[in-house]
Amino acid sequence: MSIRAENLIWRVGRKTILDDVSLAVEPGSVLGLLGPNGSGKSSLLRLLAGLRRPHAGRVTLDGTDIARIRRRDLARRVALVHQHAATELNVTVEEVVTLGRTPHRAPLAGWTAADAAAVETALAQVGMSGFRRQGWQSLSGGERQRVQIARALAQEPRELFLDEPTNHLDIQHQLELLRLISRLRLTSIVALHDLNHAAMFCDRLVVLDQGRIISHGTPDEVLTPDLLRDVFKVDCHFHRDDEGRRHILFR
Ligand SMILES: Nc1ncnc2c1ncn2[C@@H]1O[C@H](COP(=O)(O)OP(=O)(O)OP(=O)(O)O)[C@@H](O)[C@H]1O
C-alpha cells in the first residue's frame, strides 16, 4: 500500500470532525471518497496530504509516517487540488502550472528541459495547451479548475488527491478528467458527489458520514439502495446497460 491512514482522529474545539478513520489505497488505483456535505471528505484529504496533523492516528507513505517526511520531499510526492483552489493575481496559465515544479527545483537552479516537458505534458493532459498565455483572472471556472489540476500534474506526484475536481466542469470535461485520472496509474483519492461517476471511474469507494467510515469496498459492494437511503436520504433503483454496467436512477 502506498498510502495508509490508521485510526485518524481530528477535532476542531470539542467537535470531532474525523472519528477513527482508517483506509489504505493500492498503488496505481483510484479511491473515491463519498459522503454528504460536511461528512469530512475535505478534512480527510488535508490530513492525508500532510497539511493538517491528526490528534490521534497517523498517515503513512510506504510505511513511513508523513510527520517524519520533510516538507519538500512530501511536496515532490503528494499533490492536493483543493475544492476552491485560488491562485495569485496577474499570472498566466503557464505560470500557474510552472508553480507545480517548485518542489523539484534546487535553490538557484535554472529551468530544465525536464521542467518544461512536465509543464507541457500537464497542460496537454487537461486540454489547456492553447491557453498558456492567457491570464488566470480571465479564465472561466472550469478552465481554472483544469489549470489547477495541470499544476498538480506538473508536480509529477505519485499520490494525487482531488477535492471535487469535476465542480464547474461541463459533462464532457467531467468525463474526460475522470478518465484521465483513472488512466494515469497514480495512486489517487478523489472526493466526488456524483455517485454514477464514482462507480464508473473508481476502483474502490469509501463512504463517510459524520466523520466516520460507514462503508468501503468496490462500487458494486458499496452503492446499495440501503446505503443510498440511509446516508444520502434518496430512493433509487439500479439499471444495467448493454455492457453490464450498473447505473443509479434516482426516484
Ligand atoms: N477549521 C474548521 N473549523 C470548524 N469546523 C470545521 C473546520 N474544518 C471543517 N469543519 C467542519 O467539519 C465538517 C466536515 O467538513 P469538510 O469540509 O471536511 O466536509 P466535506 O465532506 O468535504 O463537505 P462538502 O461535501 O460540503 O464539501 C463540517 O461540519 C465543517 O463545518
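Numbering of ligands and ligand atoms starts at 1, following listing order.
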Handout entry: NZ/NE/NH1/NH2 to OD/OE distance under 4.0 Å, Arg76 and Glu156
Key =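 No, this pair does not count.
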Problem - Heavy atoms from other residues, nucleotides or ligands near CZ of Arg246 exceed 12 (cutoff 6.0 Å) - result: yes
Exercise for the section: Return yes when atom CD of Gln210 has more than 12 non-hydrogen atoms of other residues, nucleotides or ligands closer than 6.0 Å, and no otherwise. Expected result: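 Atom CD in Gln210 is not packed in, count stays at 12 or less.
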Practice task
Kindly assign one of parallel, tilted or perpendicular to the pair His55 and Trp10, based on the angle between their ring planes and the thresholds 30° and 60°.
Solution key: parallel
Handout entry: Inter-residue atom distance Asp62.CG - Arg77.CZ, 0.5 Å rounding
Key = 4.0 Å
Practice task
Taking the side chain as every heavy atom from C-beta outward, state whether Leu162 and Leu177 have any atom pair closer than 4.5 Å.
Solution key: no
Exercise for the section: Collect the protein residues that have a non-hydrogen atom under 4.0 Å from ligand 1 and hand them over in chain and number order. Expected result: Trp10, Val12, Lys15, Ile17, Pro36, Asn37, Gly38, Ser39, Gly40, Lys41, Ser42, Ser43, Gln83, Glu164, His193
